[in-house]
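Report on one structure; see the data block that follows.
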There are 2 protein chains.
Amino acid sequence: MANTTIYDVAGAAKVSLATVSRVMNNPEKVNPETREKVLKVIKELGYRPNAIARGLASRKTTTVGIVMADVSRAATAQLLGGIIDISKKYDYAIKLFSMAENDDIKETIRAVVAEQVDGILFLNDELEPSQMEMCMSLIQDAQIPVVLCNAMYDEKDIPAVGIDYENATYDITKELIDKGKKNIYLATTVRRYSVNFHKIAGYTKAMQDAGLEPLVFRTSGDVSINTLHFQEFIKHNNIEAFIAVRDSIAVSFMNVMIKAGYKIPEDCEVVGLQNTKYAILSRPNLTCVDTPVYDIGAVSMRLLTKFMKHEDIQESKVLLPYRIVERETTKE
Amino acid sequence: MANTTIYDVAGAAKVSLATVSRVMNNPEKVNPETREKVLKVIKELGYRPNAIARGLASRKTTTVGIVMADVSRAATAQLLGGIIDISKKYDYAIKLFSMAENDDIKETIRAVVAEQVDGILFLNDELEPSQMEMCMSLIQDAQIPVVLCNAMYDEKDIPAVGIDYENATYDITKELIDKGKKNIYLATTVRRYSVNFHKIAGYTKAMQDAGLEPLVFRTSGDVSINTLHFQEFIKHNNIEAFIAVRDSIAVSFMNVMIKAGYKIPEDCEVVGLQNTKYAILSRPNLTCVDTPVYDIGAVSMRLLTKFMKHEDIQESKVLLPYRIVERETTKE
DNA sequence: CTGAAAGCGCTTACAG
DNA sequence: CTGAAAGCGCTTACAG
């Protein structure tokens, strides 16, 4: 079946192709009777305008480019969930671009620009400031609106949606401190997520405010690796409380502790900073700071649509509320 | 900055735009010297051809459409991981289309077709045969190659990549039977994934071959719901072994059992049918059939590239090998 | 309200 | 090996 074009519709409806185009794009500008006639033909023929041709002619593709590092991260998938739901609502198509660690960032951004997307959503935060700088200037050169999704970049005034990880981590740390804990450890990952910097900052501030020494250490996100690490680690450290930037790391740590004979939360309180499904599948259930990742995706996409439609923007940086979900790995 | 076009390059290199085009698409057809000259200008200007214009002119977008139901499923994200890696290698862009439960399927497919993708990857398997039928005939009308990714559809001869879930589940069930287990339960979900049908079939066959009664039951994929369900369920059933279509369900069940005072695997062996990260974060670690989801994504994308390039295809249906990973929830 | 025509930025036979 | 020209399927001023 050759695809039906606007010419086929025009022919069958006995109007010009300009009229067919108007029926689709500016229906109010065409006489109701002809409009109905055209609409009928469109339906009969099952016509859908060729999105590529439309994109070329109108210079708008109603497509947003998602630039991300790693789909397999749980947070990425959740972010995508929110983005997809909103993009459907506003009729935007989604084009995916991944940026692996040793990819040429410049080339990736150029590719995105070459695809003529109307807007860009930048997921995650795995770039160093200098790389981020480069990305943003390339995007701004191309005059494409961009929103950072679950990443904050303070140096430049780039629209962003996230949560206040610093305050969130401060709060949970403070809670632990108020219970009298002193040796509170924060486990972060080797890779340098900007979000983790904020978490570390919040934790560090809470500890210092209380006159305690911050105990930040890095471990692997890989369970088998960090398990070995923890087995050694707990031998040499007296850990009264443990906060992990990722839930899976908290669970992995807890498993090691329990197998070593410790009781959770009696001997050590454990907290995750995400609230993923891992938190309710662990035994005991993990207390978490709840990060509304789906919402971050949804709100950032919504914000981007505003930019693409040149609507008035109230706030170009938005911080979504977080909350602490007390479960079984903390006391009281 | 106005984007540089092929005219700019042609002007700067003092050649016609046809030559510039050839340098990009058929470099062997142009004189090495002029080619170098043009390449130099392209580099200087940072030129990237407008993908939309190219798509319209050549009728090829080097874009594949991914049709999927739910990003948030762990399997979907892993599938995407494999797909993305291969699509990068072969220089295809990716366009995402989600199909929620009450979406108009026909419209979704039409939208995909309207986007002029060169090929379609159909993820998952949440459609009923009649819906699947409709999708496939729409796609075939449009003459777009399609590959089913982690889904099998036997009625029609549609290319597909997956694993032999029936045999895999047969094997693991048989293993349990050979250990003398009789009351072996299979937990599946409410939603009717075709993949689950295969799992049920394999399990049922193994049970029947051994003269045992198949004990299939449905539960929720939601942890808080299935936890309540299991708490009741274990009171009224003598469960010697438990197989779950999803790892998270197996872990959830195991947590309920352990909290109720049972020992795993001594009192009951537990098996998951995926091998996700849940399996190594549970305590004890979950024995699993390992489904190479990333590979399924990668292989299906590779297969699709062959169709798009009209290469010779040996096998249009491929079943990837699986294996059983013995961990701590089974004995011996 | 409607149509004829130019143009979006490319590719691709067709001549030469 | 290279260029002039038509065409991909639309949108959008511009007349009327």
Side-chain angles (χ1 to χ4, degrees), chain A residues 1-39 41-42 45-63 93 110-111 113-118 142-143, chain B residues 2-39 41-42 45-63 93 110-111 113-118 142:
Chain A
M1 181 186 92
N3 280 311
T4 63
T5 71
I6 197 169
Y7 293 96
D8 303 324
V9 176
K14 296 188 182 25
V15 296
S16 74
L17 73 169
T19 301
V20 178
S21 176
R22 275 188 215 102
V23 169
M24 312 218 64
N25 300 308
N26 300 296
E28 72 286 357
K29 288 190 183 171
V30 25
N31 183 310
E33 282 176 37
T34 40
R35 194 199 306 157
E36 288 314 315
K37 190 172 60 177
V38 173
L39 249 18
V41 174
I42 287 177
L45 270 49
Y47 170 69
R48 290 272 310 216
N50 177 324
I52 300 300
R54 172 182 270 194
L56 184 59
S58 70
R59 282 107 164 290
K60 279 192 294 176
T61 53
T62 41
T63 298
R110 285 224 178 103
V113 172
E115 296 283 348
Q116 310 297 118
V117 297
D118 292 347
Q143 317 232 47
Chain B
N3 280 312
T4 63
T5 72
I6 196 169
Y7 293 97
D8 302 326
V9 177
K14 296 188 179 26
V15 295
S16 75
L17 73 168
T19 299
V20 179
S21 177
R22 273 188 215 103
V23 168
M24 312 218 64
N25 301 307
N26 301 295
E28 72 284 0
K29 288 190 184 171
V30 24
N31 183 310
E33 283 175 36
T34 40
R35 192 199 307 157
E36 288 314 315
K37 189 173 59 180
V38 173
L39 249 18
V41 174
I42 288 176
L45 270 52
Y47 170 69
R48 289 275 306 218
N50 177 324
I52 301 300
R54 172 184 270 193
L56 183 59
S58 69
R59 282 111 164 287
K60 279 190 294 175
T61 54
T62 40
T63 298
R110 285 225 178 100
V113 172
E115 295 283 347
Q116 311 296 117
V117 296
D118 292 347

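To find a chain, count down the sequence lines: A is the first, B the second, and so on, and within it residues start at 1. Owing to the predicted nature of the structure, the values given are computational and were not obtained by experimental measurement.
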So, the side chain of A:Asp118 versus the backbone of A:Lys60: is there a donor-acceptor pair under 3.5 Å, distance only? no
According to a strict under-4.0 Å criterion, is B:Ser58 in side-chain N/O contact with OP1 or OP2 of D:dC8? no
B:Leu17 or B:Ala53, whichever maps to the more 5' nucleotide of DNA chain D: B:Leu17
Please report, rounded to the nearest Å, how far the P atom of C:dG7 is from the OH atom of B:Tyr7. 10 Å
May I ask you to decide if A:Thr5's main-chain N or O and A:Asp8's side chain share a donor-acceptor pair within less than 3.5 Å? yes
With both distances under 3.5 angstrom, what nucleotide forms a Watson-Crick or G-U wobble pair with C:dA13? none
To the nearest 0.5 Å, what is the distance between CG on B:Asn50 and CG on A:Leu56? 6.5 Å
Please state how far atom NZ in B:Lys29 lies from atom P in C:dT12, giving the value in whole angstrom units. 9 Å
Whole angstrom is fine here: how far is it from CG in B:Leu56 over to P in C:dC10? 12 Å
Find which nucleotide of DNA chain D each of B:Lys14 and B:Arg59 is nearest to by heavy atoms, and output the residue with the more 5' nucleotide. B:Lys14
Can you see if the side chain of B:Thr19 gets near the phosphate of D:dT2 - specifically, an N or O under 4.0 Å from OP1 or OP2? no
Both distances below 3.5 Å, Watson-Crick or wobble geometry, any strand: find the nucleotide opposite C:dA4. none
Could you check whether atom CD of B:Glu28 has more than 12 heavy atoms from other residues, nucleotides or ligands sitting under 6.0 Å from it? yes
Options C:dC10, D:dT12, C:dG3, nucleotide nearest the side-chain atoms of A:Val15: C:dG3
With nearest nucleotide decided by heavy atoms, which residue, B:Arg22 or B:Arg48, maps closer to the 5′ end of DNA chain C? B:Arg48
